[in-house]
Asker: 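Have a look at the structure that comes next, please.
Fair warning: this is a prediction, and the values are worked out from it, not measured in the lab. Here, residue 1 is the first one in the sequence, and each next residue gets the next number.
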Amino acid sequence: EHTLDGELSDPFWSQAAALPPFVDLHTGGPAKLQTRAWLAATELALYIGLECLQPDMPNVRIAGERDGDAVYPGECVEVFIAPERTSGPYYHFAVNPDGVKAEEEGFDTSWGCEWAAHTRRFADRWTAQIAIMWSELPIGPQAGDVWGMNLCRHARAKIEEYSQWSNTESGFHNPARFGLVTLPGGLVGPRAMDLAWTGTWTRGDAWGLTLRITPGAANAGRRTVGAVVYRPGTSELPPPGSELETPVVFSPGKPLDVKL
């Protein structure tokens with residue numbers, strides 16, 4: 001999987017899908033402060049790269065000091081994901097130039113998940129790289145699914161501007177006007193991978209876990225399978241030194257028993 005470092009010039013992003021220029025929320029015309037954006041999907045995660053032009057970086061206004069704070073009043077980029085488009089919930093992720101993150105389901109700030117973001121500041125712009133694991137979303141992906149998504153930005157310095165990839169016309173929280181993204185083939189998620197497992201756990205030095213995995217085409221070849229095993233009802237980890245990962249060779253569509 002790709003390492004987040006705020007650098008958008010490496011080969012990973014050259015293979016990502018480039019989105020059209022952002023438009024102004026209020027006028028529908030090209031944004032004055034443009035944002036370049038890229039989308040990429042692997043079997044594990046959705047990746048978003050953004051480059052935000054900002055000629056007034058020294059005076060950028062920031063909101064939020066720690067993850068979970070409201071970053072939206074200040075300069076930030078926002079990602080909206082609606083797996084069921086307009087028939088179900090949507091998920092909202094935001095990060096500011098300092099790397100402070102916030103997330104919510106619709107407007108419900110009590111919802112949360114684990115995701116990663118890395119930002120970098122430059123003289124006339126800032127960048128953000130975001131990774132959202134498919135397993136963190138309540139609905140997993142399947143190849144060919146069409147999800148609603150939008151990428152948005154609140155620029156706040158000498159110029160204040162709201163801009164976005166798909167023009168919602170009436171505020172960012174408008175899933176009916178999100179852009180449509182078709183997920184590529186080869187994705188593996190909760191609904192796309194046939195996963196059955198049996199396992200035993202003892203408190204001493206004997207424990208075992210067997211996973212039967214039927215991989216998709218994207219997982220063919222040499223891979224490493226790993227697991228973290230918790231005793232039910234606790235956060236107790238296996239004894240130090242226990243082997244938690246093993247190399248395997250997958251064939252597309254062929255079940256394989258992996259013993260850890």
Asker: Distance only, no hydrogens: is a donor on one side chain within 3.5 Å (strictly under) of an acceptor on the other, for E75 and W126?
Answerer: yes
Asker: Side chains of E136 and W115: do they bring a donor and an acceptor to under 3.5 Å?
Answerer: no
Asker: Could you tell me whether F107 and H173 have their ring centroids closer than 6.0 angstrom?
Answerer: yes
Asker: State whether a side-chain donor-acceptor pair under 3.5 Å links S9 with E7.
Answerer: yes
Asker: Is the distance between the ring centroids of Y47 and F12 under 6.0 Å?
Answerer: yes
Asker: Indicate whether any N or O donor in one side chain lies under 3.5 Å from an N or O acceptor in the other, for S163 and R153.
Answerer: no
Asker: How close do V71 and A102 get, heavy atom to heavy atom, and via which atoms?
Answerer: CG2-CB, 4.4 Å
Asker: Using a strict cut-off of less than 4.0 Å between a Lys/Arg side-chain nitrogen and an Asp/Glu carboxylate oxygen, indicate whether D98 and R121 qualify as a salt bridge.
Answerer: yes
Asker: With a 4.5 Å cut-off on side-chain heavy-atom distances among I, L, V, M, F, W and Y, is there a chain of contacts connecting L53 to V60?
Answerer: no
Asker: State, yes or no, whether a side-chain contact exists between Y90 and E84 at a heavy-atom distance under 4.5 Å.
Answerer: no
Asker: Does one side chain, of H26 or E161, offer a donor that lies under 3.5 Å from an acceptor on the other?
Answerer: no
Asker: Do E103 and H92 pair up side chain to side chain, a donor and an acceptor below 3.5 Å, judged on atom types alone?
Answerer: no
Asker: Any side-chain heavy atom of F172 sitting closer than 4.5 Å to one from Q164?
Answerer: yes
Asker: Could you tell me which non-hydrogen atom of F178 sits nearest to which non-hydrogen atom of A82, and how far apart they are?
Answerer: CD1-CB, 4.0 Å
